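To start, the structure under review is shown below, and the notes come after it.
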Amino acid sequence: MNLKQPAKKAIVTLTMAGVVGLSAFGANHAVLPLQQAEAATAASAEDYAAEHALKTLNSFYKPALKGQFPGAVSGLTIGKSTKQDVYKAIGEPPVPGKDADAFDVYGANMGNPGYAFSYKLNKIREMRYFGTNVERQTNIGGITMKMLKKNWFAPDATTTFKNGKTKQTKLTYHRGEYKLEFIFNSSKELDHINLLKK
């Protein structure tokens, strides 16, 4: 006769009875603060990410009036800065463009954002900002169409187009002689930001 099986069942039954009994006296309230703390931590992390994403978004507003991006490439200007100026600021591109219309691409790494540059007559024609891969939600990964429209209001133009199999939406904001284009894969996924002359 195996006495271990009935003993295990009895222990499980007593444990469950104890849990039920304790919850009847209100002891289960000790579990709720833990769940509330976890929910508050998650909400706090989302608030932190959204706050930093908004800060990233707004960092583009004023520099765009001068044909520039913020950050490591600040000072490089559309139509004025040369390919050599870009090389001096951030080095030669890991993925150089293969023809005159192609972009020189600088991938995001070590918490640094990714960029791409195209040139016309050796001067910057267009800059692209791809954001960071690390903590992307605190960068452009946290910028949504709703956030953009709430803080920058209605765009000057909206277009939808296909990029391979992906349907993208471009929201364009005029900033002086320049335009900032926000390219979204969905209303909550900003792919990249373009800056070029109007």
Side-chain angles (χ1 to χ4, degrees), residues 51-145 147-161 163 166 168-185 189-198:
E51 182 182 318
H52 282 272
L54 179 58
K55 188 175 178 182
T56 297
L57 169 63
N58 287 334
S59 73
F60 285 86
Y61 198 75
K62 285 185 180 177
L65 284 170
K66 297 188 273 182
Q68 299 175 353
F69 272 161
V73 297
S74 64
L76 297 175
T77 306
I78 299 289
K80 295 178 183 170
S81 299
T82 64
K83 188 181 278 196
Q84 290 71 28
D85 293 332
V86 174
Y87 290 2
K88 187 177 178 183
I90 59 174
E92 292 193 23
V95 184
K98 300 210 185 295
D99 59 52
D101 290 331
F103 283 83
D104 285 349
V105 178
Y106 297 79
N109 58 32
M110 303 295 286
N112 294 314
Y115 296 97
F117 296 85
S118 71
Y119 302 92
K120 183 175 182 178
L121 303 174
N122 200 44
K123 297 208 171 149
I124 300 172
R125 181 184 65 195
E126 182 176 344
M127 288 192 276
R128 290 185 175 174
Y129 179 82
F130 294 103
T132 58
N133 291 335
V134 177
E135 295 186 350
R136 189 165 176 81
Q137 286 307 110
T138 63
N139 197 262
I140 70 169
I143 298 172
T144 64
M145 282 187 191
M147 176 190 285
L148 179 58
K149 289 176 181 177
K150 179 181 177 185
N151 291 279
W152 288 26
F153 305 107
D156 293 294
T158 302
T159 53
T160 302
F161 57 94
N163 183 3
T166 306
Q168 294 182 313
T169 302
K170 174 171 57 176
L171 302 182
T172 303
Y173 289 84
H174 294 164
R175 301 295 295 138
E177 299 173 32
Y178 306 93
K179 57 184 178 178
L180 267 176
E181 299 173 338
F182 294 83
I183 312 299
F184 286 89
N185 293 331
E189 185 189 351
L190 177 58
D191 188 71
H192 65 278
I193 301 169
N194 298 334
L195 179 64
L196 58 160
K197 278 208 165 195
K198 278 197 223 171

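As the structure is a prediction and not an experimental result, all values here were calculated from the model.
Leu195 approaches Gly67 most closely through the heavy-atom pair CD2-C, 3.5 Å. Scanning both residues, Asp104 and Gly97, for their nearest heavy atoms gives OD1-N, 2.7 Å. Between Phe184 and Thr144, the closest heavy-atom pair is CE2-C, 3.7 Å. Across Gln137 and Ala53, no two heavy atoms sit closer than the pair O-CB, 3.8 Å.
For Asn109, there are no side chain to side chain donor-acceptor pair (under 3.5 Å) partners two or more places apart in sequence or in a different chain. Judged as a salt bridge (Lys or Arg N to Asp or Glu O under 4.0 Å), and not counting sequence neighbours, Arg136 has no contacts. In terms of the side chain to side chain donor-acceptor pair (under 3.5 Å) criterion, residue partners of Thr77 (sequence neighbours excluded) are, by chain and number, Gln68. Partners of Ser118 by side chain to side chain donor-acceptor pair (under 3.5 Å), not counting sequence neighbours, listed by chain and number: Arg125.
Within the structure, ring-ring contact (aromatic ring centres under 6.0 Å, His included) contacts touching residues 73-111 (residues at least two apart or in different chains) are Tyr106-Phe117. Among pairs with a residue in residues 77-97, none fulfils salt bridge (charged side-chain N to carboxylate O under 4.0 Å, His left out), at least two apart in sequence or across chains.
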Given side-chain contact (heavy atoms from CB on, under 4.5 Å), test Lys149 with Leu171 step by step and report yes or no.
CA-CA 9 Å; Lys149 289 176 181 177; Leu171 302 182; 4.0 Å; yes
Would Leu180 and Ile193 satisfy side-chain contact (heavy atoms from CB on, under 4.5 Å), going step by step from the backbone distance to the final call?
CA-CA 7 Å; Leu180 267 176; Ile193 301 169; 3.6 Å; yes
Candidate pair Leu196 and Tyr178, rule side-chain contact (heavy atoms from CB on, under 4.5 Å), full reasoning
CA-CA 6 Å; Leu196 58 160; Tyr178 306 93; over 6 Å; no
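The OG1 atom of Thr169 lies 4.0 Å from the CE atom of Met145; values are rounded to the nearest 0.5 Å. Residue Asn122 holds its CG atom at 4.5 Å from CD of Gln84, rounded to the nearest 0.5 Å. One distance of note links CD of Glu181 with NE2 of His174; it measures 8.5 Å at 0.5 Å rounding. To the nearest 0.5 Å, atoms CG (Asn58) and CG (Leu148) are separated by 9.5 Å. Considering CE of Met127 and NE2 of His192, their distance stands at 13.5 Å, rounded to 0.5 Å. Interatomic distance, CG of Leu190 versus CD of Gln168, reported as 10.0 Å (0.5 Å rounding).
By the 4.5 Å heavy-atom criterion applied to side chains, Thr56 and Ile140 are counted as neighbours. Looking at Leu57 and Phe182, their side chains come closer than 4.5 Å, going by heavy atoms from C-beta outward. Counting heavy atoms from C-beta outward, Phe69 and Pro63 have side chains that stay 4.5 Å or more apart. No side-chain heavy atom of Asp156 sits under 4.5 Å from any side-chain heavy atom of Lys179.
Judged purely by atom type and a 3.5 angstrom limit, Tyr173 uses its side chain to pair as donor or acceptor with the backbone of Phe153. Looking at Thr132, its side chain does come within 3.5 Å of a backbone N or O of Val134 through a donor-acceptor pair. Counting only distance, with no hydrogens or angles, the side chain of Lys120 and the backbone of Ala100 share no donor-acceptor pair below 3.5 Å. Asn139 places no side-chain N or O within donor-acceptor distance of the main-chain N or O of Gly141, the cut-off being under 3.5 Å.
Phe60 and Trp152 have their aromatic ring centers separated by at least 6.0 angstrom. Between Phe130 and Tyr115, the distance separating the two ring centers is not shorter than 6.0 angstrom.
The number of heavy atoms from other shown groups lying within 6.0 Å of NZ (Lys150) does not exceed 12.
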